[in-house]
Amino acid sequence: MTPNADSSQTKVHYRTVKAGPATVFYREAGDPRHPTILLLHGFPTSSHMFRDLMPLLADRYHVVAPDLPGFGFTVAPERPDFAYSFDNLTKVISAFVDAVGLERFAIYVFDYGAPVGFRVALAHPDRVTAIISQNGNAYEEGLSGGWSPIQRYWQDPTPANRRELRSFLAPEATKWQYTHGVADEMEVAPESYTLDSALLSRPGNDDIQLDLFLDYASNVSLYPKFQAYFAARKPPLLAVWGKNDPFFLPPGAEAFKRDNPNAEVRFFDTGHFALETHAVEIAAAMREFLGRVLGKERRSAA
């Protein structure tokens, strides 16, 4: 199903708001009186990754997509005035949610957005109405061998191991993340990886990204707490997964059902950046899923 609405209902607006130490850039579409979806991007992208998805949802939902500190057009303090850790990214997003007045919301989490969104859910479980995880991992079996160089850095954070990870920041590496596992690379818009590469190359941003590579170990340490939250709270959860993702494997999507038997898992024949090729299909899956689970929640509240 796709929306049948005029452009005024689905128009995306580009805004900024002060949230803690950052001035957060965000995209917003839809009527704030409708159920809200908070869209959280990952590495090495920004809210730009949601450019095709947001208009497909905005006739029925209020969709809000911020840029995390260190990414996109959000302005945050430089190192060392601000420690680039996932705890601190979460503090900024929590301040952002309050600054823009989001009281209850579903979360769409991708890549880095998953540990941020799951931290928000741990802190405020009653505010999260549903979870859509698009290649947003919370299980060790979801980590591929592609994480080996980063895992070596966790275990031995030497300058040599840090230097080795700089190859992940190269333009060709960014393009590969977008095109690997995609049936037809001509479906991937070049402005996607080109914009990401341009923003990664800003002075000082390389060390921000390397700091976050090191701190990603904190997310793996929290996997048991995330899993306990899924088991105890059983939030409505839909995993929409690019099955050819070189970083987060399909077993990571299937594992949600171990802790939350009601979790729904759908695979798409694409890679890490599934929205580049399957935005229409993912939007349709979200509309069907959220229509069921949020409709049930509203009836229960009544």
Side-chain angles (χ1 to χ4, degrees), residues 1-3 5 8-20 22 24-42 46-68 72 74 89-110 112-114 116-134 136 229 233-240 264 275 279 282-302:
M1 179 179 178
T2 56
S8 65
Q9 292 178 287
T10 58
K11 186 175 182 179
V12 178
H13 298 269
Y14 308 94
R15 312 186 193 281
T16 59
V17 68
K18 184 69 174 173
V24 175
F25 171 91
Y26 66 104
R27 300 165 195 253
E28 182 176 25
D31 189 334
R33 293 172 296 182
H34 290 167
T36 296
I37 308 171
L38 177 67
L39 306 163
L40 298 174
H41 69 83
S46 66
S47 61
H48 181 256
M49 70 170 282
F50 300 115
R51 66 196 180 281
D52 295 329
L53 181 67
M54 294 179 74
L56 298 173
L57 300 172
D59 67 313
R60 186 180 295 179
Y61 300 99
H62 174 221
V63 283
V64 181
D67 287 352
L68 297 173
T74 285
L89 298 191
T90 302
K91 289 176 183 177
V92 170
I93 292 303
S94 295
F96 167 79
V97 163
D98 291 337
V100 297
L102 305 185
E103 295 183 1
R104 284 173 59 76
F105 45 87
I107 54 174
Y108 181 115
V109 296
F110 165 74
Y112 280 12
V116 172
F118 296 153
R119 278 173 167 83
V120 170
L122 285 179
H124 306 287
D126 292 329
R127 298 177 73 174
V128 175
T129 58
I131 297 171
I132 300 93
S133 177
Q134 187 253 295
Y229 159 76
R233 304 289 300 204
K234 293 184 171 55
L237 192 148
L238 170 67
V240 285
E264 303 176 31
L275 288 177
I282 289 173
M286 291 176 65
R287 290 168 70 89
E288 190 276 329
F289 168 74
L290 292 173
R292 275 190 287 113
V293 301
L294 297 188
K296 185 183 300 183
E297 181 188 69
R298 286 195 294 270
R299 289 193 296 273
S300 299

Taken in chain and number order and not counting sequence neighbours, the residues that satisfy salt bridge (Lys or Arg N to Asp or Glu O under 4.0 Å) with R27 are none

Exactly one of D52, V240, I282 clears side chain to side chain contact (heavy atoms under 4.5 Å, CB included) with L275, and that residue is I282

Check whether any side-chain heavy atom of F105 sits under 4.5 Å from a side-chain heavy atom of I37, and report yes or no. no

Rounding to 0.5 Å, atoms CE (M49) and CG (L40) come to a distance of 10.0 Å

CG of L89 to CZ of F96, rounded to nearest 0.5 Å, is 14.0 Å

Residues R292 and E288: closest non-hydrogen pair is NE-OE2, 2.6 Å

**Message:** side-chain contact (heavy atoms from CB on, under 4.5 Å), that's the test. Do I93 and L68 meet it? Break it down for me.
**Reply:** CA-CA 7 Å; I93 292 303; L68 297 173; 3.6 Å; yes

- Task: Examine the side chains of D67 and S47 and answer whether a donor and an acceptor come within less than 3.5 Å of each other.
- Result: yes

Heavy-atom closest pair (L57 atom, R287 atom, distance to 0.1 Å) is CD2-CG, 3.8 Å

Point to revise | Donor-acceptor contact present, side-chain T74 to main-chain F25, <3.5 Å | key: yes

Check your understanding: Below 4.5 Å, heavy atoms only, C-beta onward: do F50 and V63 meet side chain to side chain?
Key -> no

Answer yes or no: is there a side-chain heavy-atom contact under 4.5 Å between R233 and D126? yes

What one should report as the nearest heavy-atom pair of L290 and A106 is CD2-CB, 4.3 Å

### Query
Is there a side-chain contact between V116 and V109 (heavy atoms, below 4.5 Å)?
no

* Asked: Under the 3.5 angstrom rule, does the side chain of R127 hit a backbone N or O of E103 as a donor-acceptor pair?
  -> yes

Here the pair of heavy atoms bringing A29 nearest to K11 is CB-O, 3.4 Å

Next on the checklist: Is there a side-chain contact between V97 and V120 in this structure, where contact means two heavy atoms from C-beta onward sitting under 4.5 Å apart?
Outcome noted: no

Original post:
Is there a side-chain contact between L56 and M286 (heavy atoms, below 4.5 Å)?
Top reply: no

Rounded to the nearest 0.5 Å, the OH atom of Y108 sits from the CE atom of M54 at a distance of 12.0 Å

Applying ring pair (Phe, Tyr, Trp, His ring centres under 6.0 Å) to F289 and not counting sequence neighbours gives none

Shortest non-hydrogen pair, P66 vs H41, comes out as O-CD2, 3.4 Å

Nearest heavy-atom approach of L294 to A130 is CD2-CB, 4.5 Å

Rounded to the nearest 0.5 Å, the CD1 atom of I107 sits from the CG atom of L38 at a distance of 7.5 Å

To the nearest 0.5 Å, atom CD of E264 lies from atom CD1 of I132 at 10.5 Å

Any chance the rings of F118 and Y229 have centres within less than 6.0 Å?
no

